[in-house]
J.: 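Handing you this structure, nothing more for now.
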Amino acid sequence: MLFRNRFLLLLALAALLAFVSLSLQFFHLIPVSTAKNGASSKSRKRIMPDPVTEPPVTDPVYEALLYCNIPSVAERSMEGHAPHHFKLVSVHVFIRHGDRYPLYVIPKTKRPEIDCTLVANRKPYHPKLEAFVSHMSKGSGASFESPLNSLPLYPNHPLCEMGELTQTGVVQHLQNGQLLRDIYLKKHKLLPNDWSADQLYLETTGKSRTLQSGLALLYGFLPDFDWKKIYFRHQPSALFCSGSCYCPVRNQYLEKEQRRQYLLRLKNSQLEKTYGEMAKIVDVPTKQLRAANPIDSMLCHLCHNVSFPCTRNGCVDMEHFKVIKTHQIEDERERREKKLYLGYSLLGAHPILNQTIGRMQRATEGRKEELFALYSAHDVTLSPVLSALGLSEARFPRFAARLIFELWQDREKPNEHSVRILYNGVDVTFHTSFCQDHHKRSPKPMCPLENLVRFVKRDMFVALGGSSTNYYDACHREGF
Ligand SMILES: *[C@@H]1O[C@H](CO)[C@@H](O)[C@H](O)[C@H]1NC(C)=O
Ligand SMILES: *[C@@H]1O[C@H](CO)[C@@H](O)[C@H](O)[C@H]1NC(C)=O
């Protein structure tokens, strides 16, 4: 079939592009671990790969395949790179759940037949997959805060349920876990051999896909996955804002942002035409088709190599997909320019960042609890955090995306602590708004913890432009 051939070609092309761009990135990087002493690390030139200022990518299919994050050979990553006189103190990991079944159906079409059971002889595969299933199927005891107890521990439906994690999603996080284990446990000995439950801090939203993603990551990460040492807290809010969710100004930013989105969509006549065509194919009103958010479903078709649906009026096709995806990319670009989403993000991400620096500060005081924190979350969690940190140019969180905060101590100056920020394995520390120019002025290979603390405690609110200097005032600003 023409579609298949073209699809394969595109897939091959995307894989090649991804490989080339990755190789280029790493070609420019001088890994910190090759610096054998402080002197050479000081003279070392830091040439960053620039995920942020890559040439404007216009290929919607290439972008979509990056989003799928189809597991392939182990990727290289920059996590844990530091001069030898730095000691790793704690690690804070934010993940998006792995590949999932769509949340919406395209009306009046057969939904894609994807099997959500976990089987060894189906791709993608991970060597720990069977052990993961057998461990999970033995049950968990009391490892979860209510209501997480009622969720299944791994995906298990022969025809996926809506939003269910797939085998791809499990494998993505087993891989993430294994990668972090090699770096943080084997190389940097983050946890002692006799580690205990209180050295982990685990939190997830109440969806099966986030809990299962967190479990898969931990299963790949921990040397012995002992249910007695696992305790997942439940987070009711996708912003992970716990007790500080009430913030009227944040909601106002969000409403304005949604209005911007709506107006941009109206301006795009090609998009309207495409929705119209697709609506005709599936024989529902255009409004209904649009409300069914077809891109979510189409991405699933693409990520799983299942051809787009057909009816007797015709087929949804790659051209439709490209138009909608291109609009999404344009929408993200305008979102960065208009900065309404930034306002939303600064307020939305404050509670979780505040919690994170609190955890870091306790670790700098020598406390040995919560050395490894895992937040199993959603795109709507990671996206505001990225934006708030000033990483608004970073790509939209792909399936199984990971954003990591590393806390380090300089053994030569034990009172000095530094942070590194990594997004999908790329060191983005010096792209954050609180450490943007730091490496130009200082020979230090990382960002001082104080910079991050100052940002979260005060500068985040200053960035909003009002006169507020704390979360409560910024959330209740009058006349916004
Ligand atoms: C996509 O599906 C076709 C036919 O079902 C198959 O021949 C091909 O190998 C698949 N491609 C990938 C990348 O899995
Ligand atoms: C920030 O964290 C501190 C403890 O580290 C806490 O007392 C304070 O209430 C938090 N603020 C917000 C807005 O979450």
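Side-chain atoms are counted along with the backbone in the values below, which use heavy atoms only and exclude waters and symmetry mates. For ligands, and for the atoms within them, numbers begin at 1 and follow the listed sequence. Bear in mind the structure is a predicted one, so any value in this text is a computation, not a measurement.
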J.: So, using ring pair (Phe, Tyr, Trp, His ring centres under 6.0 Å) as the criterion, who are the partners of His173 when residues are at least two apart?
T.: none
J.: Sorted by first residue and then second, give each side chain to side chain donor-acceptor pair (under 3.5 Å) pair with at least one member in residues 462-471; sequence neighbours left out.
T.: Asn470-Asp473
J.: Is the closest side-chain donor-acceptor distance between Tyr201 and Glu203 under 3.5 Å?
T.: yes
J.: Between ligand 2 and the protein, give all atom pairs where both partners are nitrogen or oxygen and the distance is under 3.5 Å, as lines of names plus distance to 0.1 Å.
T.:
from, atom 1, to, atom 2, distance (Å)
ligand 2, 2 (O), Asn354, OD1, 3.2
ligand 2, 2 (O), Asn354, ND2, 2.4
ligand 2, 11 (N), Asn354, ND2, 2.8
ligand 2, 14 (O), Ser244, OG, 3.4
ligand 2, 14 (O), Asn354, ND2, 3.1

J.: Is there a side-chain contact between Leu215 and Val170, using heavy atoms and a 4.5 Å cut-off?
T.: no
J.: Do Gln436 and His431 meet the criterion of a side-chain donor-acceptor pair at a distance under 3.5 Å?
T.: no
J.: With sequence neighbours excluded, tell me which residues meet side chain to side chain contact (heavy atoms under 4.5 Å, CB included) with Cys245.
T.: Ser237, Cys241
